[in-house]
Q: 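Before I ask anything, here is the structure I am working with.
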Amino acid sequence: MSIDFNGRVAIVTGAGNGLGRSHALELAKRGAKVVINDLGGARDGSGGSSEAAKAVVADIIAAGGEAIAHGANVANFDEVQDMVAQTMEKWGRVDILINNAGILRDKSFAKMDLADFRLVMDVHVMGSVNCTKAVWDIMREQNYGRIVMTTSSSGMYGNFGQTNYGAAKMAVIGFMNTLVLEGQKNDIRVNCLAPTAATRMTEDIMPPEICAMLQPEAVTAGALTLCHDDAPNRMILCAGAGGYASTRLFETDGVFIPQDQQSPETVLEQWDGICDIGNQAELASGMKQSEKFLTKAMTYVQAN
Ligand code: NAD
């Protein structure tokens with residue numbers, strides 16, 4: 001099966017460098033018209049320049065593709081709305097949004113300034129929210145939309161010095177989970193990508209021979225499977241160095257403890273049953289957990 005994006009319009013945030021650049025080049029190569037968004041700041045989010053985004057646009061046009069640059073700061077909703085308005089004016093639709101823009105402000109939690117926590121949350125979480133909000137009604141009216149959030153193993157599993165980044169990266173998974181439910185009747189599919197790649201974000205923490213194995217293009221191959229016509233929904237795809245895996249959230253079946261016996265001691269006594277992965281399941285919504293617990297309670301009530 002070959003994947004093309006002919007006739008599709010894509011916005012890729014943070015596409016001036018690294019992974020976003022790689023996603024944008026491949027989308028354009030496969031027929032998409034691409035908005036190259038980039039604030040052009042440093043790795044920690046300071047400063048700004050339009051040079052990186054313009055260079056990617058020039059590369060795409062030189063290769064025969066179509067692209068425009070926009071320097072919106074994704075954390076600023078007015079600027080994001082302007083970007084989407086310009087996209088609509090030029091191409092009349094938005095089919096794909098890859099929320100990729102990101103920064104780092106690493107420090108152990110003990111030393112972390114709350115301003116650095118807020119800024120990282122603002123760029124990754126509110127940046128993804130702002131861009132999604134700005135295209136959501138367009139995608140609903142089109143009855144078509146593909147949105148990719150960029151999460152991280154740091155959020156799913158933790159990384160020393162990254163409480164801010166990890167919290168932000170886990171938040172976009174929660175954002176996806178409900179968007180999936182609200183977008184499905186309009187064929188809006190939302191997925192997450194957890195990359196590992198050598199970019200300016202990671203280049204100084206790994207030796208050059210390891211960086212050579214971590215090409216952004218390997219991640220892009222996975223990213224594009226999340227935003228084509230037959231894309232999945234609610235997938236968390238992990239990709240790096242040619243490895244591809246899926247992270248999924250399962251819940252154990254758990255136990256039921258009757259009202260007259262509920263205490264920390266009885267919960268502790270049931271620990272093995274609570275943690276038993278034998279009948280674990282992936283739940284399609286938060287309501288499914290309530291249904292599971294209430295079914296157990298009703299079964300007990302009926303039997304007694
Ligand atoms: P990168 O620094 O090379 O690229 C990030 C781009 O985002 C930069 O061009 C930057 O100018 C842009 N940007 C930053 N803040 C912005 C803002 N407010 N508005 C618009 N653009 C902004 O980093 P990368 O490694 O390519 O990271 C891309 C995404 O992948 C990020 O979300 C990052 O957290 C995530 N990620 C990367 C890795 C990895 O191994 N490289 C691992 C996990 C997650």
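Both counts, for ligands and for their atoms, begin at 1 and track the order of listing.
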Q: Between H124 and Y165, what is the ring plane arrangement, given parallel below 30°, perpendicular above 60°, and tilted in between?
A: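 If you compare the ring of H124 with that of Y165, the planes turn out perpendicular.
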Q: Checking N143 against D187: is there a side-chain donor and acceptor pair closer than 3.5 Å?
A: no
Q: Do any side-chain atoms of residues 24-33 form donor-acceptor pairs under 3.5 angstrom with protein atoms, and if so which ones, sequence neighbours left out?
A:
| unit_1 | atom_1 | unit_2 | atom_2 | d |
| --- | --- | --- | --- | --- |
| E26 | OE2 | R30 | NE | 2.8 |
| R30 | NH1 | I3 | O | 2.8 |

Q: Under 3.5 Å, is there a donor on one side chain and an acceptor on the other for Q162 and D106?
A: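 Result is yes, a qualifying pair exists.
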Q: Between R105 and D113, is the closest basic N to carboxylate O distance under 4.0 Å?
A: no
Q: Protein N/O near ligand 1 N/O, under 3.5 Å, which pairs?
A:
| unit_1 | atom_1 | unit_2 | atom_2 | d |
| --- | --- | --- | --- | --- |
| ligand 1 | 2 (O) | R200 | NE | 2.8 |
| ligand 1 | 9 (O) | N17 | ND2 | 2.8 |
| ligand 1 | 9 (O) | D38 | OD1 | 3.2 |
| ligand 1 | 9 (O) | D38 | OD2 | 2.6 |
| ligand 1 | 11 (O) | D38 | OD1 | 2.5 |
| ligand 1 | 18 (N) | N73 | OD1 | 2.8 |
| ligand 1 | 19 (N) | V74 | N | 3.0 |
| ligand 1 | 21 (N) | L39 | N | 3.3 |
| ligand 1 | 25 (O) | T199 | OG1 | 2.5 |
| ligand 1 | 26 (O) | L19 | N | 2.8 |
| ligand 1 | 32 (O) | N100 | O | 2.7 |
| ligand 1 | 32 (O) | K169 | NZ | 2.9 |
| ligand 1 | 34 (O) | Y165 | OH | 2.5 |
| ligand 1 | 34 (O) | K169 | NZ | 3.3 |
| ligand 1 | 36 (N) | Y165 | OH | 3.4 |
| ligand 1 | 40 (O) | A197 | N | 2.9 |
| ligand 1 | 40 (O) | A197 | O | 3.2 |
| ligand 1 | 41 (N) | A197 | O | 3.2 |
| ligand 1 | 41 (N) | T199 | OG1 | 3.4 |

Q: Check this for me: does any side-chain nitrogen of one of E251 and K288 sit under 4.0 Å from a carboxylate oxygen of the other?
A: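 No.
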